[in-house]
2 protein chains.
Amino acid sequence: MAADAVSFEPVRPVRAYQRVAEQIEERILSGELPPGSRLPAERELVRQFAVGRSTIREALRVLQSSGLIRSRPGDPLGAEVLGVSPDNLSQALDRLARSHLSGLGELVQFRMALDAESYRLAARLHRAEDLAELERLAERMAELVAVDPRAFGEADAAFHRSLAEASGNALLALCARAVHDAVAGAIEGKLSRSGEEAEAWMLRSVEHHRQVLAALRAGDGPGAARLGRQALYDHYAEYVGAADRERLRAALDEA
Amino acid sequence: MAADAVSFEPVRPVRAYQRVAEQIEERILSGELPPGSRLPAERELVRQFAVGRSTIREALRVLQSSGLIRSRPGDPLGAEVLGVSPDNLSQALDRLARSHLSGLGELVQFRMALDAESYRLAARLHRAEDLAELERLAERMAELVAVDPRAFGEADAAFHRSLAEASGNALLALCARAVHDAVAGAIEGKLSRSGEEAEAWMLRSVEHHRQVLAALRAGDGPGAARLGRQALYDHYAEYVGAADRERLRAALDEA
DNA sequence: AGAGATCTTCTGGTCTGACCAGTCGCCTGG
DNA sequence: CCAGGCGACTGGTCAGACCAGAAGATCTCT
């Protein structure tokens, strides 16, 4: 142990822009720069950090690509602090999904796991107001069937988001949302239902939500989880290849 | 619908560096620039894209911060393409964990869900060589107990990685790894076990892996999932607050 | 001839200074 | 009071320069 204590670590060069980005990120994550606050102008940061403007700009680019800040030309107030957001997470998941590494099957299978867990937790831990909100959304969706498919889709997404948030785990909810978006992006275009099919699909969704709500009220975690898995299988099984369908079935069994 | 078709979308300015980054990212994600290949030198990219060097550099910074490429000063081959990796994901998770949005409890709870699902799938879908690899790793860990705690920890991480990969879902495996890293980062420092405690912990790990392997061989998905959840609870319950412990218990029940 | 030191020439990292097109606040003329 | 214009900012982009480091070529000494 003593010999380890005096051993040196290889010093790796730290770029100037990196240290600038780390300093600013630290202030944001610590809450010292809350969302909505403004960074000084670039030329002011140049003075404060005593580096060139290109260094400052590269640092700001990194922070911006992480979704921590947003800048707009001509804004006399400087870059806006956005705080931690799930956008970066969705972006990362999106990349994973878009790379040949993962196909639609893996994506849906992954979403099965996330949804099932959030349903299960929501059934066990939901608060009264969560349930009220979910019932409100479910009602609105029932009204929208055969009226406005687009609004129905949005309400559907909102329902799933609220359900995930009712699990009490914000991280789980964010990831579920990110994967939801990734699936939607992957299936975009393929999903071309005729009017009748769309209506049948909406009716099935409403029924599914009714069952999930019943499970939530009963506090039936495993039941809610099973419902979530089954609904995803029913929705997407027809869009994946044979091998992926086998995969999804495996995710369904014993669950 | 017709009225919608002729409506215009608000045009948002697209920065030059953004388009450069998108073009390069597209080539990487499509596989045209496989991992290990090299990008042209910056000055060459300046010529090809017909933009200034600072624009090129900001684009490369974005790609680098996403973990897609890596550049090294003086490298005559140009920036190296790394391909999609979970580093960006774990970085995003790390930020979420460090911000007040998510604490260690949520992180561990999330990991419970991912690990449980990957164990469950691995028990059902693993190939013979996966099992052989896992048994090899488990043996090596058993040898390392009380010899090299550091090497043991690495072998442990490798075991979990292989186990997640045996699930057949690369996306799930990458996310599990990212969350694993984020948890490790969040608990860093707090984890200061004495020699005896460390050895007891290692022995418990070996036993746990033995049980998991037995469940895998038996194809017992739910059993493997339960083992994974329980092991995480046992490992981390002492490090989280009372509220988070309740949360973890909820993730354990009925699973 | 082989091995080591030196040189050349590239790389990425950084800085400076400049210009442009926006955006906002102020101020003036109605 | 308000509309319009002026000016002083902003961020986005470019051009050119210098530096330290890395790699391969070259040279020198044994």
Side-chain angles (χ1 to χ4, degrees), chain A residues 8-25 27-28 33 35-83, chain B residues 8-25 27-28 33 35-83:
Chain A
F8 296 102
E9 290 185 359
V11 55
R12 58 178 166 191
V14 177
R15 314 287 164 218
Y17 78 88
Q18 225 169 3
R19 306 214 293 192
V20 172
E22 280 169 12
Q23 273 197 53
I24 298 177
E25 178 176 339
R27 303 265 181 131
I28 295 177
L33 285 171
S37 62
R38 300 299 186 126
L39 256 45
E42 291 182 1
R43 291 166 177 85
E44 172 60 25
L45 290 173
V46 166
R47 279 189 289 273
Q48 292 190 18
F49 282 103
V51 295
R53 184 144 96 103
S54 49
T55 300
I56 291 289
R57 285 185 58 73
E58 289 182 23
L60 294 182
R61 276 290 90 75
V62 171
L63 295 174
Q64 189 172 32
S65 86
S66 299
L68 288 170
I69 66 171
R70 173 178 50 184
S71 62
R72 194 171 44 112
D75 190 337
L77 294 170
E80 182 183 0
V81 175
L82 294 178
Chain B
F8 296 104
E9 291 184 359
V11 55
R12 61 179 164 185
V14 177
R15 314 289 165 215
Y17 77 89
Q18 225 170 359
R19 305 214 292 192
V20 172
E22 279 168 12
Q23 272 199 52
I24 298 177
E25 177 175 340
R27 302 266 180 132
I28 294 178
L33 287 170
S37 62
R38 301 300 186 125
L39 255 46
E42 290 182 2
R43 290 164 177 84
E44 172 61 24
L45 290 173
V46 166
R47 279 189 288 274
Q48 292 191 18
F49 282 102
V51 295
R53 183 141 94 103
S54 50
T55 300
I56 291 291
R57 285 185 58 74
E58 288 182 24
L60 294 182
R61 276 289 90 75
V62 171
L63 295 175
Q64 190 171 30
S65 86
S66 299
L68 287 169
I69 65 170
R70 173 178 51 184
S71 62
R72 197 170 42 112
D75 190 338
L77 295 170
E80 182 183 1
V81 175
L82 294 177

Return the value, rounded to whole Å, for the distance between atom CG of Leu77(A) and atom P of dG11(D). 10 Å

Under the rule for side-chain contact (heavy atoms from CB on, under 4.5 Å), what residues qualify as partners of Gln64(A), not counting sequence neighbours? Arg61(A), Ile69(A), Ser71(A), Tyr17(B)

For side chain to side chain contact (heavy atoms under 4.5 Å, CB included), just list the numbers for Leu39(B) and Leu60(B), CA-CA rounded to whole Å, side-chain angles, deciding distance to a tenth of an Å, and then say yes or no. CA-CA 10 Å; Leu39(B) 255 46; Leu60(B) 294 182; 3.9 Å; yes

Short N/O separations, protein against nucleotides 13-17 of chain D, under 3.5 angstrom:
residue: dT13(D); atom: OP1; partner: Ala16(B); partner atom: N; Å: 2.4
residue: dT13(D); atom: O4; partner: Arg53(A); partner atom: NH2; Å: 3.3
residue: dC14(D); atom: OP2; partner: Gly52(B); partner atom: N; Å: 2.7
residue: dC14(D); atom: OP2; partner: Thr55(B); partner atom: OG1; Å: 2.4
residue: dC14(D); atom: O5'; partner: Gly52(B); partner atom: N; Å: 3.3
residue: dA17(D); atom: N6; partner: Arg53(B); partner atom: NH2; Å: 3.4

To check you understand the geometry: which heavy-atom pair defines the closest contact between Ile24(B) and Leu33(B), and what is its length? O-CD1, 4.5 Å

Can you tell me if Ser66(A) uses its side chain to pair, donor with acceptor, with the backbone of Val62(A) under 3.5 Å? yes

Tell me, please, which residues at least two apart from Arg70(A) pass salt bridge (charged side-chain N to carboxylate O under 4.0 Å, His left out). Glu80(A)

Please test Leu68(B) against Glu25(B) for side chain to side chain contact (heavy atoms under 4.5 Å, CB included), starting from the C-alpha separation and ending with a verdict. CA-CA 8 Å; Leu68(B) 287 169; Glu25(B) 177 175 340; 3.8 Å; yes

Under the side chain to side chain contact (heavy atoms under 4.5 Å, CB included) rule, what do Phe49(B) and Arg19(B) come out as? Steps first, then yes or no, please. CA-CA 10 Å; Phe49(B) 282 102; Arg19(B) 305 214 292 192; over 6 Å; no

Charged N to carboxylate O below 4.0 Å: is that the case for Arg47(A) and Glu44(A)? yes

Hey, does the side chain of Ser71(A) come within less than 4.0 Å of dG12(D)'s phosphate (OP1/OP2), counting only N and O? yes

Which residues satisfy the side-chain contact (heavy atoms from CB on, under 4.5 Å) test with Val46(A), sequence neighbours excluded? Arg53(A), Ile56(A)

Measure all distances between protein nitrogen or oxygen atoms and nitrogen or oxygen atoms of nucleotides 21-26 of chain D, and list the pairs falling under 3.5 Å.
none

Identify the heavy atoms of Gly78(B) and Arg38(B) that sit nearest to each other, and give their distance. O-NH1, 3.0 Å

Outer limits of DNA chain C sitting under 4.0 Å from a non-hydrogen atom of chain B, read 5' to 3', are dT11(C) to dT14(C)

